[in-house]
Amino acid sequence: MENFSKYNFSGINFKKEVASRFREFSKQISKSNTEALESMLNFFDWNGISPNDNLDVKIDGTKKRINALIAIVKNIEKHQTKPTNAMLQTLFKEVSTAENNEEEEYDFGTPDLITENEELSHYRNEYFSTRENLNALKYDMEEIINKTTYVHGSFGGGYLKLDMTKEEFENLKQKLQDVYHHNTSEARE
């Protein structure tokens with residue numbers, strides 16, 4: 001009792017149920033009721049919240065959220081940070097070893113110079129070739145559309161029917177593949 005005799009105490013009236021509830025709570029968090037009340041007041045002051053604020057925080061929900069965040073951080077570390085770090089380390093090792101070695105010189109050869117007229121004729125030929133391919137594709141599409149008819153279905157909706165033999169279809173398919181391969185091979189050059 002000597003420790004408490006040096007403090008000045010003041011009395012506050014509480015309902016019996018609230019006082020007993022507070023006493024049980026204060027036993028859990030501190031040695032005395034005064035320290036428990038002071039800790040609670042400090043908590044509200046430091047965090048800038050009111051006891052009437054609803055923070056929608058439940059203990060189980062908070063644990064689940066924290067566990068989910070931990071799982072996300074571990075996943076990021078495992079799949080993004082560590083592999084990226086490993087790649088950077090490998091890159092820096094290669095850079096440091098390349099700096100120690102002499103630089104290798106590559107001979108790309110001398111480029112073939114072409115005149116402006118040769119360049120213009122090349123692009124003109126490509127333009128006309130592309131236009132011919134486009135016109136051929138337009139013709140083929142018109143042929144497909146002309147050979148297509150709408151058929152009312154007995155059960156459910158209707159469908160489109162293509163009146164074309166298998167050989168005609170295969171020839172059209174091969175023609176489209178040839179045009180595609182011709183254009184992609186020219187694009188690579």
With sequence neighbours left out, what residues match Lys15 under side chain to side chain contact (heavy atoms under 4.5 Å, CB included)?
Glu17, Val18

For Glu170, enumerate each residue passing the salt bridge (charged side-chain N to carboxylate O under 4.0 Å, His left out) test, keeping only those at least two apart in sequence or located in another chain.
none

Can you name the side-chain hydrogen bond (donor to acceptor under 3.5 Å, both in side chains) partners of Lys175, sequence neighbours left out?
Asp140

By side-chain hydrogen bond (donor to acceptor under 3.5 Å, both in side chains), which residues pair with Asn171, not counting sequence neighbours?
none

Just how far is it from atom CZ of Arg23 to atom NZ of Lys27, taken to the nearest 0.5 Å?
9.0 Å

Tyr123 atom OH, over 12 foreign heavy atoms within 6.0 Å:
no

Taking side chain to side chain contact (heavy atoms under 4.5 Å, CB included) as the test, write out the residues that go with Arg21, two or more places apart.
none

Kindly compute the distance separating CD (Glu77) from CG (Asn85), expressed to the nearest 0.5 Å.
10.0 Å

Taking everything shown except Glu118 itself, do over 12 heavy atoms lie less than 6.0 Å from its CD?
yes

Across all chains, not counting sequence neighbours, the side-chain hydrogen bond (donor to acceptor under 3.5 Å, both in side chains) partners of Asn75 are His79

Distance check, rounded to the nearest 0.5 Å: Ile12 atom CD1 versus Asn33 atom CG?
11.0 Å

How long is the span from the OG1 atom in Thr130 to the CG atom in Asn135, to the nearest 0.5 Å?
11.0 Å

Please list, chain by chain and in numerical order, all residues satisfying ring pair (Phe, Tyr, Trp, His ring centres under 6.0 Å) with Tyr127, sequence neighbours excluded.
none

Residue set satisfying side-chain hydrogen bond (donor to acceptor under 3.5 Å, both in side chains) with Gln174, at least two apart, ordered chain then number -> Asp178

Hey, are the side chains of Thr90 and Phe92 touching, using non-hydrogen atoms and a 4.5 Å cut-off?
no

To the nearest 0.5 Å, what is the distance between CZ on Phe14 and OG on Ser20?
12.0 Å

Min side-chain heavy-atom separation Thr149-Asp163 under 4.5 Å
yes

Would you give me the side-chain donor-acceptor pairs under 3.5 Å for residues 37-51, sequence neighbours excluded?
{"unit_1": "Ser39", "atom_1": "OG", "unit_2": "Glu35", "atom_2": "O", "d": "2.9"}
{"unit_1": "Asn42", "atom_1": "ND2", "unit_2": "Glu38", "atom_2": "O", "d": "3.3"}
{"unit_1": "Asn47", "atom_1": "ND2", "unit_2": "Phe43", "atom_2": "O", "d": "3.0"}
{"unit_1": "Ser50", "atom_1": "OG", "unit_2": "Asn52", "atom_2": "N", "d": "3.2"}

Are Leu160 and Val151 packed together at the side-chain level, in the sense that at least one heavy-atom pair is separated by less than 4.5 angstrom?
no

What's the shortest heavy-atom distance between Ala36 and Phe22, and which atoms?
CB-CZ, 4.2 Å

Taking every non-hydrogen atom, the tightest pair across Ser26 and Ser32
CB-O, 4.3 Å

Hydrophobic cluster (4.5 angstrom, side-chain heavy atoms) - remaining members for Leu120:
none

Contacts under 3.5 angstrom, residues 141-148 side chains, donor-acceptor by atom type, not counting sequence neighbours:
{"unit_1": "Asn146", "atom_1": "ND2", "unit_2": "Glu142", "atom_2": "O", "d": "3.2"}
{"unit_1": "Lys147", "atom_1": "NZ", "unit_2": "Glu168", "atom_2": "OE1", "d": "3.3"}
{"unit_1": "Lys147", "atom_1": "NZ", "unit_2": "Glu168", "atom_2": "OE2", "d": "3.3"}
{"unit_1": "Thr148", "atom_1": "OG1", "unit_2": "Ile144", "atom_2": "O", "d": "2.5"}

Tell me, please, which residues at least two apart from Ala136 pass side chain to side chain contact (heavy atoms under 4.5 Å, CB included).
none

